Amino acid sequence: MSKMIGILTSGGDSPGLNAAIRGVGKALLGRYGMKVIGFRDGFRGMMENRTQLLDSAALSGILTLGGTILGTSRDKPYAMPVAGKLMDMTDVIVENYRRSHLDALVCLGGGGTQKNAYHLMKQGLNVITLPKTIDNDVVMTDVSFGYDTALGIATEAVDRLHSTAHSHHRILVLELMGNKAGWLALGAGIAGGADVILIPEIPYDVKQVAAAIMRRSHSGQGFSIVAVAEGAFSREDAAKRAEGGNDKGKDKGGKKKEQKQQAQERVADSKPGNSLHLAQQLEELTGLESRLTILGYLQRGGTPSAGDRLLATRLGTACADLINKGEFGVMVAARGDGFKLVPLKDVVGKRKTVPLDHDWIKSARSVHTCFGD
Ligand code: F6P
């Protein structure tokens, strides 16, 4: 009797997801003669038992496709929005795992997905995961697929903004994705030669940023490029959060209030107001015209880079090999040219943020990049 394996994609979409589905699926089908089904729209589709057969026809031609052929959602098994309320649907998901006669479940996603997979592992399901996110903030993996593609898109944006900034002697502020970790702004800022890089890990002093821009202006460089992560914030905001930290973190209401607060925080963190206000402040402080570009979802769109296709394929096929060996409860992490098995319990609840002494930061400072500190 062939083994039956389920695959789902969860969290924000990302280039490379389809390459990963293809890597896992083709190896399971071709090398091990297993059967593969996909669950639609992440854990919600598993709760609603919405599946699609992933046979060789379904897996053909998807290596280069952006997004995910399975669809995705941010829904969690233990806090699933049902009829306007957050319900724990774990038991239904476990039941559907059994009804589909699954021997294992592959979850492709970021930090939240790893946590959801761990939750299902504790219910006795055979779960194995791959790290996916353009933010590159999944711990204990060299890199997550999606990051390399987004890095290329963001770097090209920095390159292109140089033309207009130089021509108009302007400050061009480019907001990049990265709510809680600044890897995308840091990497693209360095690769694109941004003059200022602002990341959530280093609360910035807008006066320091303005002073760096003025130094450039006085030395004849009448333009500057500021790469800012959507989650970057000023020292003033840091102080306000510190004051209000206890209240903000405490949830006095029910799950509904928590969900509303989290949604507000996410929207608040990523609302253009943060970077728009920064652009306005810099114009006031420097007297230079300032313009804002928000790259947004372009960073998650389109075909994956060659690097992400390679990474997603090799982690995907390694995942299939591990399923055949019966290795579960782990994330297949990128490690050098190969992979490393990381227990899910070591991944859950953590986020890979940029260390303040990271070599990339040292390197950027060596080419006189300002971090607002
Ligand atoms: O987690 C990846 C990410 O793209 C973040 O960089 C971004 O802040 C967030 O997803 C946007 O979430 P959503 O797609 O739900 O709006």
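Indexing begins at 1, ligand by ligand and atom by atom, following the structure's order. The model shown is predicted, which means the values in this text are computed figures rather than measured ones.
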Check your understanding: Roughly how far apart are L198 CG and N274 CG, rounded to 0.5 Å?
Key -> 11.5 Å
Point to revise | Any residue meeting side-chain contact (heavy atoms from CB on, under 4.5 Å) with D359, in chain and number order, not counting sequence neighbours | key: K362
Check your understanding: With atoms numbered from 1 as shown, which atoms in ligand 1 lie under 4.0 angstrom from a non-hydrogen atom of N179?
Key -> 8 (O)
Study note, to complete from the structure: In ligand 1, the atoms that come under 4.0 Å of a heavy atom of G178 are 6 (O)
Point to revise | Partner set under ring-ring contact (aromatic ring centres under 6.0 Å, His included) for H168, not counting sequence neighbours | key: none
Check your understanding: Does CZ in R335 sit with more than 12 non-hydrogen atoms of other residues, nucleotides or ligands closer than 6.0 Å?
Key -> yes
Study note, to complete from the structure: The atoms of ligand 1 lying under 4.0 Å from a heavy atom of Y297, numbered in the order shown, are 11 (C), 13 (P), 14 (O), 16 (O)
Review point. Is it the side chain (CB and beyond), the backbone, both or neither of R74 that lies under 4.0 Å from ligand 1, heavy atoms counted?
Key: side chain
Review point. Quick one: which ligand 1 atoms are inside 4.0 Å of a heavy atom on D135?
Key: 1 (O), 2 (C), 5 (C), 6 (O)
Point to revise | Enumerated ligand 1 atoms positioned under 4.0 Å from heavy atoms of E230 | key: 5 (C), 6 (O), 7 (C), 8 (O)
**Study point:** Where ligand 1 meets M177 - atom numbers and elements under 4.0 angstrom, heavy-atom basis
**Key:** 4 (O), 6 (O)
Exercise for review: Look at D103 together with K35 and state whether they make a salt bridge at an N to O cut-off of under 4.0 Å.
Suggested key: no
Review point. For G110, is the nearest heavy atom under 4.0 Å from an atom of ligand 1?
Key: no
Review point. Would a line drawn from the ring center of F223 to the ring center of H169 be shorter than 6.0 Å?
Key: no
